[in-house]
Each structure stands twice: as C-alpha cells, then as structure tokens.
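Proteins get letters first, then strands, A, B, ... in listed order; numbering begins at 1 in each.
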Amino acid sequence: MPEEIIQDGFSSEDNEIVRQRKDKLLRLRSEEGYDPYVNETWDRQDTLASVRERFEHLQPEEEDTNAVIKTAGRVMTVRRQGKATFADLADETSRMQLYFQLNSVGEKAYDFLKKWVDSGDWIGIIGHPCRTRRGELTIMVTEYRLLSKAIRPLPEKWHGLTDTEIRYRRRYMDLIANPEVREVFRKRSRIISSFRETLESHGTLEVETPILSVLAGGANARPFKTFHNALGVDMYMRIAVELYLKRLVVGMMGRVYEIGRNFRNEGIDTMHNPEFTMMEVYWPYCNYVDMMNLAEELIRNAAKAIGTLEIEWNGTKLDLSKPFHRITMREAVKKYAGVDFDTIKTDEEARAVAREKGLEITGHESRFAVLNMLFEEFGEENLIEPTFLLGHPTEISPLSKRDPEDTDYTHRFELFMYGKEVANAFSELNDPLDQRERFEDQARKKAEGDDEAHVFDEDFINAIEAGLPPTGGMGIGMDRVVMFLTGAKSIRDVILFPAMKPKA
RNA sequence: GAAUCGCUAGCUCAGUCGGUAGAGCACCGGACUUUUAAUCCGGGUGUCGCGGGUUCAAGUCCCGCGCGAUUCACCA
C-alpha cells in the first residue's frame, strides 16, 4: 500500500470505520448543511444522576408527560428498531436509556437520527421520563441536537477496553469505556480535597514554591536536569519542597503546606512514577509527635471522604479507625532481622552482622547505615498495618533534629502501610551549625560517588541562621495514599497520564 | 538492568503438526414503534508489533529489536 496523505482531513492511516465516519461528516455538512463542530452551547439543566433521582418513583409503563428533562451526554449504544430507536446516553454522573419514536420527535428529526447519529456522538436532548415494561427508567425524547460527532469508534460495549498499554496511553478511551476508572479519579480528587480541608482546619496556608530551580534539594534523589535559554543556566526539576517551605516558616508565614508534583529521575514500577504528587506541611512551635497525630487525622479523614475506614489493598483488609502502631527502627530490626543493635557498638561489628545476614557490604558502611539496610531488607515489608517507624539514625536524616537523649538518632518517623512508605516527618533541624555540618557530611558522600546525597544549599543555611522556630514537618506521598484507599495495585491506576516510553 | 508473559480487524479474543488469516461485538446495506449484549438477512474491513533468517511455503520455527504487564534488582 503506497504511503500517501489523502486530502480533506483523510489519512492513509485511517481504518475502514474512520474513513466511513469522515465521509459521513462531509456528507452531513454538504447534504444537510449541518456542522456538528460549530460553536454550540446547550443549556443542560439535568444530569443523568439527577434525572434518576427525580424519577426513581415511576412504575413500569408509567410515563410523566408533564415533566421536562433537558440533558446531554455521549451516545454509548444504539438499538435501532425501524420507527423506534433506543440508545444509551452517558454523562459524568450516570447512564440512561433514551427512547426516540418517529411520532415523538417527528419524521424529519427521526430521519436525521437514523442517518447521522452514531454511537460515540455527543447529543443534547429534551424529553420526559418514563419507565419501560421491563422496568428501565428511560427518557422519551421529544427534541434533540447533535452537539459533536465522533469519527472514531468506541471500544467494545461488553468487554470494554482492557489492553493496559492503550488504557494508559489513551486514557480518554479508558475513561469512556470504564466508568469505574472515572470513579477512581473522582476519589483521588476527594482525597486531595480532604487533605486540604484538614490542613486548613488547622490554620495551614497553601503555598506554591518553585518547580524549576538551580538546586534540587530536600531529598535523596536524582533530579531531572534542564536548561534555561535566556538565563543560560542549568536548572533542575524539584525533588521535594522541604527547603522552600522551611524558608517560609523562617519568613513568618506560620503553618504552610503545598500539594504538588515532585520529579525524580529514577526507575518506574508499580509504586513509582517519575512525577508524583507530594503533600508537605510545616508547623512552627510543633514537633514530630504533632505530625504523627496529623498524619493519622489526614489519612482517616481522607478515607472517610471516600466513604470508609475499612480499606483493602492487595487482599489485606485494614481498619483505619484503630490507632496506628509505633515501632523504632532498632526494635523492628530486632524483631524482623533478629539483630539486637543495642549490643553493637562499632561499625566493624555491624558490618560483620550485615554480612552474616547476606547483605552486600563494601566495607565503608557505618553501623547506622547498616541498621537502615537491615530495616529495609527485613523490616519494611512487615509493616502492613499503619505503623510509625521511629528512631532513624542521624546519619541518614540530614534535615532532622537529633534526639537529645541519643544524638546519633533523630526525632523522625516514617509512616508505613502495606509495607510501603507513605509519610516521612521530623522535628525540623533548626540548629544552623548542625545543619551546616550535616550538609558537609552529605557533600562528602556526594564526593564519594553517592549521586543521591543532598546538595549543599548555602541559602537554606542562611535562612536557618535567620532563625527557624521549633517546627514539625511532614511529607506524604499522595499517590500511594490514593492507591491504598482505592485498592489500586499500580500507581499508574491513580495517575491519569502515567509516564510511558514513546512507542516508536 | 534481569527473567517471565504478551503484542493477530476499531475492541475482546481464537488460530491445531509450518500449507489460502478467523469469531463475537463494532461497522456498512436491508427488515422491524418497548429494545436493553435487541433480533433476523447480507457484507470481513488485516503492515498478524518491527527487522532479519530457515523453508517450496512463516501469524506459527530461529535470531535481533521495540512497546507493555508482572516479578526481581535499583530507587524514598
């Protein structure tokens, strides 16, 4: 078949159905003088859900000719039957049967329907409700208007669209074919709204900080790099908003939060997307304990907002009304790896234990790094019920305040659910001298080849030097919260347009 | 990065031992004024993911590549 682009909007890529529909569209314009893409408004007065609610009381074969319904939606299926036609109309709220009779709409409109309206098209309709003999609430159409024409066929009406690749790449087709997918994203929206409501009920101000900047700090992660032409400088996409929000607390903005996209140039799997949504919150005069309470409240309220405190993910049910568990990293390692770190006093001892446990050891690890490795290897996956992990070593917590009782450890927690990290929080380090040392330590790690070590942010130190009040801060991975509350097994199922490799 | 599985019509899928590409839905034409996976009659619309190879003959066998899914590794 020769490569050619056919004129008038036709393409050699078109399949048979698309060619027929394009041809139909041209004929609709030339034969009827009707342009289905002209600027049109339609005064929709009812959604299908509201129609369903208003006329639920109708009995089979009952018809309410006095009521007027004015609605609109996408034609999903058409059942033509000579001088009568049934169709299913869907909108964002529901789906309802339409009944067009030759007598009810008139001959001219009925012929137009037969000739020009297809499944996939958007139509506005005026009619009244009735219930069929078989009990189906139906709109008896008296007038309708073709609002927009679809020239590409809908996915199959019975099996729908299941091909994951098409579902993610062409999410619009997924959303058309699978109403339950629309419901997941409505829940996502409600969860995020609930977070905002909870935060604002505590007097927290929503702020926006740079996505693009010269330094990407606040987390251990590889950033995306880009270039600003006019400034002539390399820039990075943010990996966290932490350092900016703490500057705002220094700047006397009080309680602040941001819900926004972070970007990390790392692998993609069922728990990670290169861009993901993070909520970060900072409260002056508070500490990590306040953040624990806030974390529980945020998650519980979000669950309530979508209807239930009983959640199920990956076959495991959880009751979010119960208080969340607490365990220290050392306790978790003792329990799940069988290693008692209280008896380990040197890095050498720790490395020996780690080798025994089968961990890959280079010989430079401190006992604190080993503790963390043992937790990640043996502990993490066991924290199924919501659990605050406490007592992180200072070495792996460069922005976290030390525990005054044991300065090798910090006042920090991570919240785990289903064995996955959902939140990370701490009493924010506000000692500028200590913060400088921590950054210096990170800089050493970076120089040793750790490309995920924190960058040294001199201006952030400057901010801390200006005085950060005692502050509790927390970050929550919103995508994971949505996954656990909706039962989605992949992060791609809670992100409308997940990252995909280009096909060709 | 590795392994496994998948990629065939718009969608969901079948395709035997290597022997002329199939079904349902959708779509096109016709009948039908209460159907609802409507029904009935007629019609197959295709770069079998891409590129090589073996063979008289490849959707099928072999090699390479691409994309996706899952698991593992990596990664907050």
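- Taking the C1' atoms as reference points, B/A26 lies 7 Å from B/G10, given to the whole Å.
- The stretch residues 472-489 of chain A has no heavy atom under 4.0 angstrom from RNA chain B at all.
- Only the P atoms considered, B/A58 is 12 Å distant from B/U20, to the nearest whole Å.
- Across all strands shown, B/C32 remains unpaired; no Watson-Crick or G-U wobble contact has both distances below 3.5 Å.
- The stretch residues 381-403 of chain A has no heavy atom under 4.0 Å from RNA chain B, so no residue of it qualifies as close.
- Side chains of A/Asp88 and A/Thr77: a donor-acceptor N/O pair is present below 3.5 angstrom, by distance only.
- Cation-pi geometry between A/Arg330 and A/Tyr409 is met: the NZ or CZ atom falls under 6.0 Å from the ring centre, inside 45° of the normal.
- Side chain of A/Thr138 to backbone of A/Cys130: no donor-acceptor contact under 3.5 angstrom is found.
- The distance between atom CZ of A/Phe426 and atom C1' of B/A76, rounded to the nearest whole Å, is 12 Å.
- Residue A/Met76 contributes atom CE, which lies 16 Å from atom P of B/C11 at whole-angstrom precision.
- Not one N or O on the side chain of A/Arg145 forms a donor-acceptor pair closer than 3.5 Å with the backbone of A/Ile126.
- Summarising the base pairing, B/G1 is matched to B/C72 through a Watson-Crick or G-U wobble pair whose two defining distances lie under 3.5 Å.
- B/U34 and B/U39 are spaced 14 Å apart, taking the C1' atom of each and rounding to whole Å.
- For the P atom pair drawn from B/C11 and B/C17, the interatomic distance equals 28 Å after rounding to whole Å.
- Atom CG of A/Asp450 and atom C1' of B/A76 are 13 Å apart (whole Å).
- Residue-level contact check: A/Glu61 touches neither bases nor backbone, having no heavy atom under 4.0 Å from any strand.
- B/A14 sits 24 Å from B/G42 when the C1' atoms are compared, rounded to a whole Å.
- If you check every strand for non-hydrogen atoms under 4.0 Å, A/Ser119 touches sugar and phosphate atoms only.
- Residue pairs that meet the ring pair (Phe, Tyr, Trp, His ring centres under 6.0 Å) test with at least one member in residues 127-173 of chain A, sequence neighbours left out, are A/Phe100-A/Tyr144.
- Across all strands, A/Ala219 comes closer than 4.0 Å to no nucleic acid atom at all (heavy-atom distances).
- A 3.5 Å limit on both hydrogen-bonding distances identifies no Watson-Crick or G-U partner for B/A38.
- Figure legend. B/C50 is base-paired to B/G64; pairs are counted as Watson-Crick or G-U wobble with both atom distances under 3.5 Å.
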Name the atoms and distances for all side-chain donor-acceptor pairs under 3.5 Å in residues 110-120 of chain A, with sequence neighbours left out.
residue  : atom : partner  : partner atom : Å
A/Tyr110 : OH   : A/Gly82  : O            : 2.7
A/Tyr110 : OH   : A/Ala84  : N            : 2.9
A/Tyr110 : OH   : A/Ala84  : O            : 3.1
A/Tyr110 : OH   : A/Thr85  : N            : 3.4
A/Tyr110 : OH   : A/Thr85  : OG1          : 2.7
A/Trp116 : NE1  : A/Glu32  : OE2          : 3.0
A/Asp118 : OD1  : A/Lys24  : NZ           : 2.8
A/Asp118 : OD2  : A/Lys24  : NZ           : 2.9
A/Asp118 : OD2  : A/Lys149 : NZ           : 2.8

Per-nucleotide protein contact string for nucleotides 28-41 of chain B (B base, S sugar-phosphate only, - none; heavy atom under 4.0 Å): S---BBBBBBB---
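- In this entry the distance linking CE of A/Met173 with P of B/G10 reads 12 Å, nearest Å.
- Within a 6.0 Å sphere centred on NZ of A/Lys420, heavy atoms belonging to other residues, nucleotides or ligands number 12 at most.
- Residue A/Asn220 contributes atom CG, which lies 16 Å from atom P of B/C74 at whole-angstrom precision.
- For A/Arg169 and B/G68, the shortest distance from a side-chain N or O to OP1 or OP2 is below 4.0 Å.
- Partner A/Phe416 forms a ring pair (Phe, Tyr, Trp, His ring centres under 6.0 Å) with one of A/Phe375, A/Phe388, A/Phe324 and no other, that one being A/Phe375.
- In this structure, the side chain of A/Arg171 engages the main chain of A/Leu496 through a donor-acceptor pair within 3.5 Å.
- Of the candidate nucleotides B/G68, B/C11, B/A26, B/C11 has the atom lying nearest to any side-chain atom of A/Pro155.
- In terms of phosphate contacts, A/Thr164 brings no side-chain nitrogen or oxygen within less than 4.0 Å of OP1 or OP2 of B/A69.
- For A/His57, there are no side chain to side chain donor-acceptor pair (under 3.5 Å) partners two or more places apart in sequence or in a different chain.
- Residues of residues 257-277 of chain A that place a heavy atom closer than 4.0 Å to RNA chain B, in numerical order, are A/Arg264, A/Glu266, A/Asp269, A/Thr270, A/His272.
- The pairing partner recorded for B/A57 is none, the criterion being a Watson-Crick or G-U wobble arrangement whose two distances lie under 3.5 angstrom.
- Although no hydrogens or angles enter the test, the distance criterion places a donor-acceptor pair under 3.5 Å between the side chain of A/Arg238 and the main chain of A/Thr209.
- Here the side chains of A/Met271 and A/Ile491 are not in contact, with every heavy-atom distance at 4.5 Å or above.
- B/C41 and B/C32: their C1' atoms are spaced 12 Å apart (whole Å).
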For nucleotides 2-7 of chain B, tabulate all protein N/O to nucleotide N/O atom pairs closer than 3.5 Å, reporting atom names and distance.
none

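- No N or O donor and acceptor, one from the side chain of A/Glu16 and one from the base of B/A9, sit under 3.5 Å apart.
- Scanning for side chain to side chain donor-acceptor pair (under 3.5 Å) contacts around A/Arg29 gives A/Asp35, with sequence neighbours left out.
- Note: CD1 (A/Ile151) to C1' (B/U45) measures 17 Å, nearest angstrom.
- Between the side chain of A/Asn178 and the main chain of A/Val181, no donor-acceptor pair closer than 3.5 Å is present.
- A/Asn15 places its CG atom 14 Å from the P atom of B/U8, with the value rounded to the nearest Å.
- Base pairing of B/C17: no nucleotide in any strand meets the Watson-Crick or G-U wobble criterion (both distances under 3.5 Å).
- A/Asn372 has its CG atom 11 Å from the P atom of B/C75, to the nearest Å.
- Remark: the separation of the C1' atoms in B/C61 and B/U16 is 15 Å, to the nearest Å.
- Looking at heavy-atom distances under 4.0 Å, A/Ile166 makes contact with sugar-phosphate atoms alone, never a base.
- Under the 4.5 Å side-chain criterion, counting only non-hydrogen atoms from C-beta, A/Glu258 is not in contact with A/Val256.
- For A/Thr142, there are no side chain to side chain donor-acceptor pair (under 3.5 Å) partners, not counting sequence neighbours.
- Side-chain proximity of A/Thr162 to the nucleotides B/U12, B/A76, B/A69 is greatest for B/U12.
- Side-chain polar atoms of A/Gln101 and A/Tyr99 form a donor-acceptor pair below 3.5 angstrom.
- Listed by chain and residue number, nothing satisfies the side chain to side chain donor-acceptor pair (under 3.5 Å) test with A/Ser30 (two or more places apart in sequence, or in another chain).
- Sorted by first and then second residue, the side chain to side chain donor-acceptor pair (under 3.5 Å) pairs with a member in residues 472-490 of chain A read A/Arg188-A/Asp479, A/His272-A/Arg480, A/Ser490-A/Arg492; sequence neighbours excluded.
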